Amino acid sequence: MRDRKIKILFVIPSSMPADEQEAFLNKTSILRVPIFSMPLGILDLAAYLQKNLSNIEIEILDFGKDLYKIYQNHEETPSMSVDEFISSELDSLDFRPDIVGISILFSSAHNTAMKIAQASKQKWPESKFICGGNHSTNYFTHLLKNENVDYVLRGEGELSFSQFISNMQEEKEYLEVPGVIDEKMLAKNQTEVGPIIMDLDEIPIPAFDLLDLEAYKSNGASTMQSRGCVFKCTFCASHTVNGRDMRYKSNGRIIDEMNILIRDHGFKTLFIEDDLFATDKKQFLPLSKEISQQNYPIRIRLPQGLSVAMMNEEMIDAMIAMGINEASIAIESGSSYTQKHIIKKHVNLDKAKEVLKCMRTKKLIFTVNFILGFPGETKELMQESLDYIRSLDVDWVFVFHAIPLLGTEMYDQFVKMGALDPDNFDWDNVRLGRRGFDTVDITSKELTDLIYDTNIDVNFFNNQNMKHGRYEKAIEVFNLYIIKQYPFHVVGRYCRALAYIALDQEEMANEDLRECVEWISKNDESNQLFERYSERMPLLRPYMLEFSKG
């Protein structure tokens with residue numbers, strides 16, 4: 001038996017669609033700020049490989065992180081194309097991999113991932129190229145048609161990928177492993193998802209040592225305390241990778257991981273990325289107590305959305321006690337009919353209001369998630385959602401497009417109704433902020449305008465914190481969700497100025513209003529926002545007049 005050394009390069013494409021990356025890199029638009037986070041799935045996989053295999057070497061190339069670096073130095077960085085960016089990233093590596101593993105978590109990364117695969121294949125033609133992640137799991141038949149993709153890893157990768165590498169080390173003639181699919185296995189219909197690990201403590205602490213952790217501190221650290229989701233929402237595909245059965249890390253293991261990130265590496269923000277957080281009361285309440293005793297100096301955020309069914313005041317208090325100061329409630333629709341008959345989420349809308357009223361009494365930033373444009377959702381049903389949204393006293397409302405994620409019932413519904421062609425689909429138009437196809441109920445433009453105007457109305461001009469006199473809270477939330485990420489957002493700056501005026505902070509208000517005018521004069525996105533909503537921003541008129549006079 002031979003045990004040759006295997007070099008593995010894990011590549012993380014940015015989830016930013018390729019066309020938006022192109023506009024950002026060649027400096028024609030800064031409308032979208034590149035986002036990134038710790039690649040938790042890859043870190044878990046790498047740690048498991050390091051524990052169970054000898055004679056391997058692993059490196060990680062995170063395009064999203066490096067794209068954000070360019071954003072931080074946008075003025076000093078020369079313009080370039082996406083292809084040039086990819087080439088520069090690959091050329092920066094002093095590493096010749098035997099395996100290139102491309103993690104395609106989001107479908108919006110598909111086009112960029114294929115560009116990376118092509119450039120990497122040209123650079124390392126002898127390497128084996130494997131795609132994994134949610135998108136790859138559910139698009140494997142199409143990916144294997146690409147000449148630059150040799151294998152697709154379906155589902156969780158710890159067990160199947162470690163066996164695949166072991167077979168390579170033993171130089172087996174054929175590397176057949178359940179869950180790692182190639183054209184031969186596809187032809188034999190051997191396409192099952194790989195096996196999963198039931199005890200998550202068998203996976204070591206994520207391989208944080210493979211990252212330049214300092215580069216992630218501007219965003220924050222990430223962790224997952226569980227895998228799986230018991231619900232059957234038509235728009236979600238997480239079960240295709242992690243299954244429906246809930247699996248948890250032990251409380252001691254969770255504390256160990258948090259200590260490494262917070263105490264050893266000094267992270268000040270932690271995102272808990274579980275698909276379904278705090279589902280087991282018996283497990284969660286002791287965990288909350290243990291974490292609260294640590295007195296971590298950190299901001300803990302829950303971006304994925306809490307389940308209304310799991311929430312009550314006891315659970316909310318336990319979350320706050322452990323340091324969570326920002327949480328989102330996943331309601332998705334304000335129509336009882338849509339909940340029951342279209343998306344199968346079955347949220348009790350009356351209970352949701354009670355949960356939100358309880359949160360209002362706590363020291364917590366809390367937001368809600370909604371989606372519009374489901375298959376079969378009429379404009380009347382959408383209006384029910386909008387009416388419900390406007391009845392909620394929350395800190396922020398996120399309204400998204402219904403995006404047909406691969407592996408979801410909703411995707412199949414859109415295909416069946418002829419709204420999209422799976423063989424000819426524009427993956428750049430698959431993100432929560434836009435959708436590039438019409439349905440019988442609403443056109444793409446109508447849906448985009450409806451969602452955009454709703455987000456602007458409920459979060460700015462009819463902001464609940466502003467309406468109820470919570471001006472300091474309004475400023476905090478404007479800074480967190482808008483000004484920090486989208487400095488050109490003149491509606492956000494304008495509404496922050498209104499909050500300063502209400503607090504008799506005239507100097508701060510004047511500064512915001514003048515900056516609005518400066519942004520409008522020099523930035524296309526700012527100018528478009530002003531033209532669209534100028535009638536709702538009358539205080540800008542004298543500042544615009546002053547600016548025009550020089």
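This structure is a prediction, so every number in the text was calculated from the model and none was measured. Numbers for residues simply follow the sequence, beginning at 1.
For Lys217, the NZ atom is densely surrounded, since the number of other residues' heavy atoms within 6.0 Å is greater than 12. Open room surrounds CD1 on Ile35; 12 or fewer heavy atoms of other groups in view lie less than 6.0 Å from it. For NZ of Lys362, the number of neighbouring non-hydrogen atoms (other residues, nucleotides, ligands) closer than 6.0 Å is greater than 12.
Side chains of Lys353 and Ser391: a donor on one and an acceptor on the other come within 3.5 Å. Side-chain polar atoms of Gln528 and Asp524 form no donor-acceptor pair below 3.5 angstrom. For the residue pair Asp395 / Tyr481, no side-chain donor-acceptor distance below 3.5 Å is found, with atom types taken as modelled. Residues Thr378 and Asp441 have side chains that never bring a donor and an acceptor to within less than 3.5 angstrom of each other. For the residue pair Asn242 and Arg227, no side-chain donor N or O sits within less than 3.5 Å of a side-chain acceptor on the partner. Residues Ser335 and Ser385 bring no donor and acceptor atom of their side chains to less than 3.5 Å of each other. A donor-acceptor contact closer than 3.5 angstrom links the side chains of Asn479 and Arg496. Side chain to side chain, Thr234 and Glu409 fail the donor-acceptor criterion of an N or O pair below 3.5 Å.
Of the possible polar contacts, one joining the Arg493 side chain to the Pro487 backbone as a donor-acceptor pair under 3.5 Å is found. When atom types are taken as modelled, the side chain of Gln464 and the backbone of Val394 share no donor-acceptor pair closer than 3.5 angstrom. A donor-acceptor contact shorter than 3.5 Å is absent between the side chain of Lys27 and the backbone of Pro78. Side chain of Gln339 to main chain of Ser333: a donor-acceptor pair is present (N/O by atom type, distance under 3.5 Å, no hydrogens or angles). Side chain of Lys351 to backbone of Ala309: a donor-acceptor contact under 3.5 angstrom is found. Here the side chain of Ser222 pairs no donor or acceptor atom with the backbone of Ser37 at under 3.5 angstrom. Distance alone, capped at 3.5 Å, places no donor-acceptor pair between the Asn111 side chain and the Ala18 backbone. A distance-only check finds no donor-acceptor pair linking the side chain of Lys249 to the backbone of Ser226 [under 3.5 Å]. Counting only distance, with no hydrogens or angles, the side chain of Asn527 and the backbone of Asn523 share no donor-acceptor pair below 3.5 Å.
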Applying salt bridge (Lys or Arg N to Asp or Glu O under 4.0 Å), run through Arg435 and Asp426 and close with a yes or a no. CA-CA 10 Å; Arg435 188 174 83 184; Asp426 181 6; over 6 Å; no
Give the C-alpha distance, both sets of side-chain angles, the deciding distance and a yes or no for side-chain contact (heavy atoms from CB on, under 4.5 Å) between Thr223 and Leu270. CA-CA 7 Å; Thr223 184; Leu270 179 68; 3.9 Å; yes
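The aromatic ring centres of Phe374 and His401 sit 6.0 Å or more apart. The six-membered or imidazole ring of Phe414 lies away from that of Tyr411, with a centre-to-centre distance of 6.0 Å or more. Ring to ring, Tyr494 and Tyr533 are not that close: their centroids are 6.0 angstrom or more apart. A ring-centre distance under 6.0 Å is found for His135 and Trp427. You'll find the ring centres of His346 and Phe231 outside the 6.0 Å limit. For Tyr216 and Phe36, the distance between ring centers is under 6.0 angstrom. A ring-centre distance under 6.0 Å is found for Phe284 and Phe277.
Side chains of Gln21 and Met16 form a contact here, defined as non-hydrogen atoms less than 4.5 Å apart.
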